[in-house]
Amino acid sequence: LTIEELEEWISLVESLTLRWILTGGNAQVLENIFQSTAIDALSLKENRNLAISSLKKRFSDNMQSDENIASRLNEPLDDTALTRYIAFKLNEHLSGQMGVLKFDPKLIHVEHIAPDTITDFWKSALSITSTEADEIAAEYDDLTEKLGNKTLLEYKINSSLQNKPF
């Protein structure tokens, strides 16, 4: 494989895996897909073009749809490792280059923009309309656990911010 082809395969594997995990797909089924792909790649090595198109089709056929992903990303996301990875990949994609942030969980933390602990400032800023205390807490928790309320910060910056407003 050329470097470009290898990068394409890595991207396909990464995309399939991330989408699978994000939507709660069965890990054993994903493992079976990877195993059968590896077996087929070895058996089809004589016909490179057929192998590549066949294997790419298998990945595409098993890829979670954009609609499923969008729906899942609209829900609270409380898996810190997954959130860190998604935010890191978004940063990498939007910056147009690798290496802007080093993917090291010891160095970068997932931080809530609106903090975990509700304050009057954040209740107002998020336009929470509920009036009962338990409804307010539930609505706030739902909003603060969404991916759009999370960002990556270096540990020292994260520690210094605490629950401060913007």
Side-chain angles (χ1 to χ4, degrees), residues 7-35 37 56 58-166:
E7 287 174 346
E8 182 182 7
W9 277 108
I10 290 170
S11 179
L12 279 170
V13 168
E14 179 182 49
S15 184
L16 176 62
T17 304
L18 179 60
R19 286 168 171 258
W20 199 272
I21 291 169
L22 192 58
T23 57
N26 183 302
Q28 184 60 55
V29 173
L30 182 60
E31 183 178 336
N32 293 345
I33 292 168
F34 287 140
Q35 285 178 356
T37 300
K56 283 182 180 178
R58 176 177 294 139
F59 275 28
S60 295
D61 289 349
N62 286 286
M63 194 80 64
Q64 292 291 325
S65 71
D66 289 347
E67 293 79 22
N68 287 349
I69 299 303
S71 175
R72 177 62 180 104
L73 290 175
N74 229 3
E75 299 171 5
L77 186 61
D78 59 358
D79 182 328
T80 302
L82 183 59
T83 301
R84 182 182 293 114
Y85 185 77
I86 292 170
F88 178 81
K89 293 306 282 186
L90 283 171
N91 180 72
E92 185 179 84
H93 176 74
L94 294 173
S95 70
Q97 57 186 326
M98 295 178 69
V100 174
L101 285 175
K102 182 178 178 184
F103 188 75
D104 183 346
K106 294 175 188 162
L107 299 177
I108 56 173
H109 288 212
V110 174
E111 175 61 23
H112 290 81
I113 296 168
D116 283 329
T117 307
I118 192 170
T119 64
D120 289 338
F121 171 84
W122 284 106
K123 180 180 167 188
S124 173
L126 295 174
S127 303
I128 293 179
T129 57
S130 301
T131 55
E132 299 295 320
D134 56 342
E135 291 175 2
I136 291 170
E139 187 176 348
Y140 187 80
D141 286 346
D142 184 58
L143 290 170
T144 58
E145 288 307 318
K146 291 187 178 181
L147 184 61
N149 184 53
K150 297 177 183 179
T151 190
L152 297 178
L153 288 176
E154 290 180 348
Y155 174 74
K156 288 180 183 179
I157 296 170
N158 186 9
S159 297
S160 70
L161 291 178
Q162 306 266 323
N163 287 338
K164 295 178 182 172
F166 296 111

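This chain uses plain numbering: 1 for the first residue, then up along the sequence.
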Exercise. Only counting residues at least two apart or in another chain, list the ones meeting side chain to side chain donor-acceptor pair (under 3.5 Å) with Asp61.
Key: Lys57
Practice problem: Rounded to the nearest 0.5 Å, what's the gap from CD1 on Ile136 to CG on Asp141? Could you check? | Solution: 12.0 Å
Quiz item: Among pairs that include at least one residue of residues 123-132, which meet side-chain hydrogen bond (donor to acceptor under 3.5 Å, both in side chains), considering only residues two or more places apart or in two chains?
Solution: Ser130-Glu139
Practice problem: Only counting residues at least two apart or in another chain, list the ones meeting side chain to side chain donor-acceptor pair (under 3.5 Å) with Asn32. | Solution: Gln28
Quiz item: Are any non-hydrogen side-chain atoms of Glu75 and Ser71 less than 4.5 angstrom apart?
Solution: yes
Exercise. Rounded to the nearest 0.5 Å, what's the gap from OG1 on Thr37 to CG on Asn62? Could you check?
Key: 8.0 Å
Quiz item: With no hydrogens and no angle check, is any side-chain donor or acceptor of Lys146 less than 3.5 Å from a backbone partner on Leu73?
Solution: no
Quiz item: Does Ile128 reach the side chain of Leu143, with side-chain heavy atoms less than 4.5 Å apart?
Solution: yes
Practice problem: To the nearest 0.5 angstrom, please state how far the CZ atom of Arg72 sits from the CG atom of Leu22. | Solution: 5.5 Å
Quiz prompt | Residue list, ring-ring contact (aromatic ring centres under 6.0 Å, His included) with Phe34, at least two apart or on another chain | solution = Phe59
Practice problem: With rounding to the nearest 0.5 Å, note down the distance linking OG1 in Thr144 to CD1 in Ile113. | Solution: 11.0 Å
Quiz item: Hey, does the side chain of Arg84 reach the backbone of Ile108 with a donor-acceptor pair shorter than 3.5 angstrom?
Solution: yes
Quiz prompt | side chain to side chain donor-acceptor pair (under 3.5 Å) partners of Lys150, counting only residues at least two apart | solution = Glu145
Self-check item: Least distance between heavy atoms, Thr117 atom then Tyr140 atom
Solution: O-OH, 3.6 Å
Quiz item: Can any side-chain N or O of Trp20 pair as donor or acceptor with the backbone N or O of Asn26 at less than 3.5 Å?
Solution: yes
Quiz item: About how many Å separate CG of Leu12 and NZ of Lys56, when rounded to the nearest 0.5 Å?
Solution: 6.5 Å
Exercise. Sequence neighbours left out, what passes side chain to side chain donor-acceptor pair (under 3.5 Å) with Tyr85? Give chain and number order.
Key: Glu14
Quiz prompt | Pairing of Asp66 and Arg19 as salt bridge, 4.0 angstrom limit | solution = yes
Practice problem: State, yes or no, whether a side-chain contact exists between Leu153 and His109 at a heavy-atom distance under 4.5 Å. | Solution: no
Exercise. Can you measure from CD1 (Ile86) to CG (Asn91) and round to the nearest 0.5 angstrom?
Key: 13.5 Å
Quiz item: Do the side chain of Thr83 and the main chain of Asp79 share a donor and acceptor less than 3.5 angstrom apart?
Solution: yes
Exercise. Kindly indicate whether the side chain of Leu18, heavy atoms from C-beta on, has any atom under 4.5 Å from the side chain of Ile69.
Key: no
